[in-house]
Amino acid sequence: DSELKGFLGGFQDGTFGYVVPHDNGQPFGKVARFGLQDFASVEVLDLSLHDSELKGFLGGFQDGTFGYVVPHDNGQPFGKVARFGLQDFASVEVLDLSLHDSELKGF
């Protein structure tokens, strides 16, 4: 996938490494994960297919169940934190912090 470049930040869960989508010439939303054991298998989760504003993140973290990406700039500062299941690497949920306080965006 030629769009898999321009990541900023990453994390691991003991099985996979995850890289956080930032800007590859434009903000994008494809989280990539790769196997830590074989260091060859790669899977991609396109967050922007769930919500077109989910792109342009700045770092991420995990809690053992979910991976989280920190909203930064998708063409403008935004406040949607996305989380995805580490097990299935498919389920996506969104928490829009800017709905609680309009200044909670562009971290």
Side-chain angles (χ1 to χ4, degrees):
D1 186 329
S2 64
E3 292 183 0
L4 295 181
K5 56 186 175 187
F7 298 97
L8 192 56
F11 56 92
Q12 57 86 24
D13 66 5
T15 303
F16 294 97
Y18 298 80
V19 288
V20 177
H22 179 63
D23 192 307
N24 62 11
Q26 62 185 4
F28 75 113
K30 293 182 177 182
V31 177
R33 80 176 184 179
F34 53 90
L36 296 175
Q37 286 284 13
D38 67 9
F39 202 57
S41 59
V42 176
E43 297 174 73
V44 178
L45 174 61
D46 189 348
L47 299 173
S48 67
L49 294 178
H50 298 273
D51 181 325
S52 63
E53 293 182 359
L54 295 180
K55 51 190 174 186
F57 298 94
L58 190 63
F61 57 95
Q62 58 94 8
D63 66 4
T65 303
F66 295 99
Y68 300 80
V69 287
V70 179
H72 179 58
D73 190 314
N74 61 12
Q76 63 184 6
F78 74 112
K80 292 183 176 181
V81 176
R83 79 176 186 178
F84 52 88
L86 297 176
Q87 286 288 86
D88 67 8
F89 198 54
S91 57
V92 176
E93 296 177 80
V94 178
L95 173 62
D96 190 347
L97 299 175
S98 67
L99 294 178
H100 301 277
D101 182 326
S102 63
E103 294 184 12
L104 292 177
K105 56 188 175 186
F107 303 96

If the condition is salt bridge (Lys or Arg N to Asp or Glu O under 4.0 Å), which residues does Asp51 pass it with, not counting sequence neighbours? Lys80

Sub-4.5 Å side-chain heavy-atom contact between Leu86 and Tyr18: yes

Hydrophobic clusters here meaning ILVMFWY residues chained together by side-chain heavy-atom distances under 4.5 Å, can you tell me if Val94 and Phe107 are in one? no

Contacts of Lys105 meeting salt bridge (Lys or Arg N to Asp or Glu O under 4.0 Å) (sequence neighbours excluded), chain-then-number -> none

Check: Val19 and Phe34 side chains under 4.5 Å, non-hydrogen atoms: yes

Looking at Leu47 and Ala82, what are the two nearest heavy atoms and their distance? CD1-CB, 4.2 Å

Thr15 meets the side chain to side chain donor-acceptor pair (under 3.5 Å) criterion, sequence neighbours left out, with none

Nearest heavy-atom pair of His72 and Phe57: which atoms, and what distance? CB-C, 4.1 Å

Minimum heavy-atom distance between Pro27 and Gly75, given as atom pair plus value: CG-N, 3.9 Å

Who are the side chain to side chain donor-acceptor pair (under 3.5 Å) partners of Asn24, not counting sequence neighbours? none

Cluster overlap Val20 with Val92, hydrophobic side-chain contacts below 4.5 Å: yes

Mind listing the closest non-hydrogen atom pair of Gly79 and Pro71 along with its distance? C-CG, 3.7 Å

Check salt bridge (Lys or Arg N to Asp or Glu O under 4.0 Å) between Asp63 and all other residues, then give those that pass, not counting sequence neighbours. none

Applying side chain to side chain contact (heavy atoms under 4.5 Å, CB included), name anything that partners Glu43, two or more places apart in sequence or on another chain. Phe16, Arg33, Phe89

Do Leu95 and Leu104 sit in the same hydrophobic cluster, where Ile, Leu, Val, Met, Phe, Trp and Tyr count as joined when their side-chain heavy atoms come under 4.5 Å apart? yes

Taking the ring of Phe11 and the ring of Phe61, is the distance between their centroids below 6.0 Å? no

